[in-house]
Structure formats: structure tokens, C-alpha cells
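All heavy atoms count here, side chains included; hydrogens, waters and symmetry mates do not. Each residue takes its place number in the sequence, starting with 1.
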Amino acid sequence: MKIGRFVPARGPLRPALIALSLCLALLPATRAAADVVIGVAVPRSGPYVAVGEQVLRGVETAARDANAMGGLDGQPVTLDVQDDACDSNTATAVANHFVRSNVRLVVGHVCSNASIAASDIYAQNGVVMITAASVAARLTDRGLPNIFRVCGRDDDQARLSAAVLAERFRDRKIALIQDQTPAARSLAAATKDNLNRIGVNEALFLSFSPSDADDAALADRLKGAGIEVVYYGGDAAEMGRLVKIAADRGFRPQWFGTSAIATPDFAKIAGPASNGVLMTFYLDPSRQPAAAAVVKAFKAEGVDPTGSTIYGYAAMQALVAAGNFAHSTEPKPIAQALHTERFDLVLGTVGFDSKGDVTAQGYVLYVWKDGSFTPAGK
């Protein structure tokens, strides 16, 4: 709390006023530090736990580093971590929890459906939300002034996927598949739309219900149809199982995944069959000069900062940088700073456009080999 300058009253001072002036004189001139509580919403249960763990690891490390440098506007940062399970209803409950707890700044959510559901509540209550992993274009296309992301957009990802499919596999039989989850369904539809617009038609466009039995049946169906390339926007665990089961049944097409498989769990599940799998993912900041010191610190602690780890770090880093620029812990000036200024983050020097999308470089094509992914090149 700031203490205003004490102005003596005219005329004789009453005893009570004298006592008050003495008390004020004894108070420190600087503001007493009080923790800034930042909400963190990630899946700690359900199929996207691996991505949630990456984001949380990045957020926690960024908060620790920020506190070592003086915190947010001179106040220590503490975290209120909540599990949204990548579920829309649970995300809504988490958002309401933050509002009731007077948490005004949030890093989250991970899955786009969860972010979209929660963002309406944040917008209504003046809470700033910044996501490290939600890619749905709709999240920011609605123009909510306090919603941001440091990751890419799924429409950009779909355009790159379609361009790669058309350039590399125009003369192959391509299947676009999805497992009826919102992310996979959206990416498959957008990729199909972009691919068809380029003038390439897929041989199959279908959905399936993930399970070992259905995965085996799907692999047999794709093999029987002579499919040579399979595009799938599912999560790391499901795609890993599908790739492995298909390989075990003698079906080894060119698999093509999305940012959802950017975790070592994919290669652990798929095993050797993961080698050669293509994947679109954001520019990997762990390989960029701006993130070198942070990456080195992660590795010194035995942490592999791949996947969404650095993006979790960047989301927290952006909130702190904007608060320090605005000299405020309040959401409105922080949102204004994010929209108007550029900040040196682990992603490089970036800002946020009028929608809240980050200005960093977009998606890149990667290839899996020996348990990790690297840029695929030409």
C-alpha cells in the first residue's frame, strides 16, 4: 500500500492528529511487498498431461527467475496451479475459482477448447490470460482485449501442413484422419480445405474412435486402400499407439503429425516406428540464441526443455515483462503493454498484435529420429 504525503493541518494540532503524524513518520517510505498470485491452468490429468507438465515446468522456472530479479513490479510472484484436464467444463470451473480468489493474471490453458471456454469468464471479469499452447484461431479471432498467446495458430499450422503435403506427396495416396476430438477435427478439416484449395485431393478423409482394436482396424483399412501418407492431428499417446500398431501389422506409411505430438512421450510409445514421422510445430526456441541461457539452466538441472517447456517460460516471462514495463500488477495496464510494446523474451524480441497473437515466427516442419525431433529442411 502506498502512503501519501502527510500535509499538516492549519492551526494548532490536536493530540490525535499529532499521534497520527508520528505513526505515519515511522512507516517505511517504500511499498510493502505482497505476493502477486498468478493462476496457472494446465492439464494434470487426462491425455494431455505430458504437454501440461512441459508448460508448468516452464512457468515455474520463469516465476523463480523473475523472483530472483525482483519479481513483478517489485513484488514476489507465487503460483496458484489448477488442473483443467483439458476439459471445457473443468476449465470454466477453474476460471471461476481464479475470479473468486481475486487472481487477475493467468497463464493457461493448454487445450484450445479449455482456453476458449475459460476466456469468456476472464474477459467478463478483467483477467489477463496468456496461453502457451492453445492454437485455435477462434481463441483470439474474437478480439477479446485481455487474451493472448505465445504459440502459433492452427490455421497457420494447417496451411503449412497442406503446403508440405502438396509439395512432397502430391502423387501419393493421402489420408486425413481425425479422432473426433476438437483439436484433431479442426486441424483435419482446415488441412483438407487448404490442400483442396491448392488443387490436391485426399484419397480418404475419415474419423475413428481411438482404442487398440479400432487402431488395428484403422491400420488395416488404410493399408487395404493403398494409403501412402497419413495426416493425423491427435495427441502424442494416441498417435504413438497408432503408429506402433500399424508398424506391427506391416503398415508403414509416411506419418504426418502436428504440434500435439511434440513431446518425448510420442517416441517412447511408438518406439522405432517413430523414426521418419513428420510433424508441424512452432519454431523451437530451445535452439535459438535468445533462449540459450535458459536452456543451459534447464539442462544443468537435468531437464530437456523441448516441446512446450520454453513456451510456458515465455508466457510467464511476458506477463512479468509487461507488468514491469507498466509498473503495475493490474491486468488493464499489463494488457495494454502487451498490445503496444515489444519485449525481449526467450522467443526473441516480440510483441502481440491487436488480436493477442504473438509476432514470433510461426510453424516449422520437423522430423522424428531416435527419440527426438529436428527441423526437416527441404
Side-chain angles (χ1 to χ4, degrees), residues 43 46-55 86 110-111 133 135 157 160-161 164-165 168-169 172-181 183-185 187-188 191 204 206-282 284 286 304-309 363-377:
Y48 291 95
V49 167
V51 181
E53 288 176 349
Q54 290 177 350
V55 171
C86 269
V110 166
C111 293
V135 299
Q157 184 168 203
L160 175 59
S161 298
V164 171
L165 288 169
R168 297 190 177 206
F169 309 112
R172 307 274 191 91
K173 281 192 171 183
I174 300 170
L176 308 177
I177 65 174
Q178 55 97 357
D179 57 19
Q180 304 173 52
T181 59
R185 184 169 60 242
L187 280 166
T191 300
L204 282 177
L206 55 88
S207 64
F208 71 104
S209 300
S211 70
D212 286 351
D214 286 334
D215 288 354
L218 176 62
D220 289 345
R221 178 178 177 183
L222 294 171
K223 182 180 180 181
I227 296 300
E228 299 166 279
V229 182
V230 182
Y231 173 89
Y232 175 40
D235 66 79
E238 175 53 31
M239 186 162 185
R241 287 193 300 270
L242 183 56
V243 168
K244 184 179 186 305
I245 287 172
D248 290 344
R249 300 176 77 81
F251 178 52
R252 293 177 176 270
Q254 173 61 66
W255 292 97
F256 194 144
T258 69
S259 55
I261 67 168
T263 165
D265 286 4
F266 166 69
K268 290 176 184 175
I269 296 168
S274 65
N275 287 333
V277 172
L278 295 174
M279 173 189 78
T280 48
F281 187 51
Y282 334 123
D284 185 358
S286 69
D304 178 10
T306 55
S308 296
T309 305
Y363 287 90
V364 177
L365 183 68
Y366 294 90
V367 61
W368 281 90
K369 184 179 180 181
D370 298 332
S372 61
F373 57 87
T374 57

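A 4.5 Å side-chain heavy-atom check between Lys173 and Leu204 finds every atom pair outside the cut-off. Between Tyr231 and Leu187 the shortest side-chain heavy-atom distance falls below 4.5 Å. Looking at Leu176 and Phe256, their side chains never come closer than 4.5 Å, going by heavy atoms from C-beta outward. For the pair Leu206 and Leu218, the minimum side-chain heavy-atom distance is below 4.5 Å. Using a 4.5 Å heavy-atom threshold, the side chains of Lys369 and Thr374 count as separate.
Here the closest heavy-atom approach between residue Gly46 and residue Val49 is recorded as O-CG2, 3.1 Å. What you find for Phe281 and Ser259 is that their closest heavy atoms are CD1-CB, 3.5 Å. Contact between Ala246 and Trp255 at its shortest, heavy atoms only, is CB-CZ2, 3.7 Å. Residues Ser308 and Val55 share a closest heavy-atom pair of CB-CG2, 3.8 Å. For Pro253 against Ile227, the heavy-atom pair with the smallest separation is CB-O, 4.2 Å. Minimum heavy-atom separation, Gly250 to Lys223: O-NZ, 3.8 Å.
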Check against side-chain contact (heavy atoms from CB on, under 4.5 Å), Phe251 and Asp220: CA-CA 8 Å; Phe251 178 52; Asp220 289 345; over 6 Å; no
Stepwise side-chain contact (heavy atoms from CB on, under 4.5 Å) test for Thr191 and Thr258: CA-CA 11 Å; Thr191 300; Thr258 69; over 6 Å; no
Apply side-chain contact (heavy atoms from CB on, under 4.5 Å) to residues Asp179 and Phe208 and explain how you reach the verdict. CA-CA 5 Å; Asp179 57 19; Phe208 71 104; 4.1 Å; yes
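Proximity of a side-chain donor or acceptor of Thr309 to a complementary backbone N or O of Thr306 within less than 3.5 Å is detected.
The number of heavy atoms from other shown groups lying within 6.0 Å of CZ (Arg221) does not exceed 12.
Taking CG of Asp215 as the start and CD of Glu238 as the end, the distance is 4.0 Å to the nearest 0.5 Å. Put simply, CD on Gln254 and CD1 on Ile174 are 10.5 Å apart, with the number rounded to the nearest 0.5 Å. Atom CD of residue Gln180 and atom CZ of residue Arg185 lie 7.5 Å apart, to the nearest 0.5 angstrom.
Using the six-membered ring where Trp is involved, Tyr282 and Tyr363 have ring planes that are tilted, between 30° and 60° apart.
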Hey, can you pull the donor-acceptor pairs under 3.5 Å for the side chains in residues 261-280, sequence neighbours left out?
unit_1	atom_1	unit_2	atom_2	d
Thr263	OG1	Asp265	N	3.3
Ser274	OG	Gly271	O	2.8
Asn275	OD1	Asp370	N	2.7
Thr280	OG1	Gln157	OE1	2.8

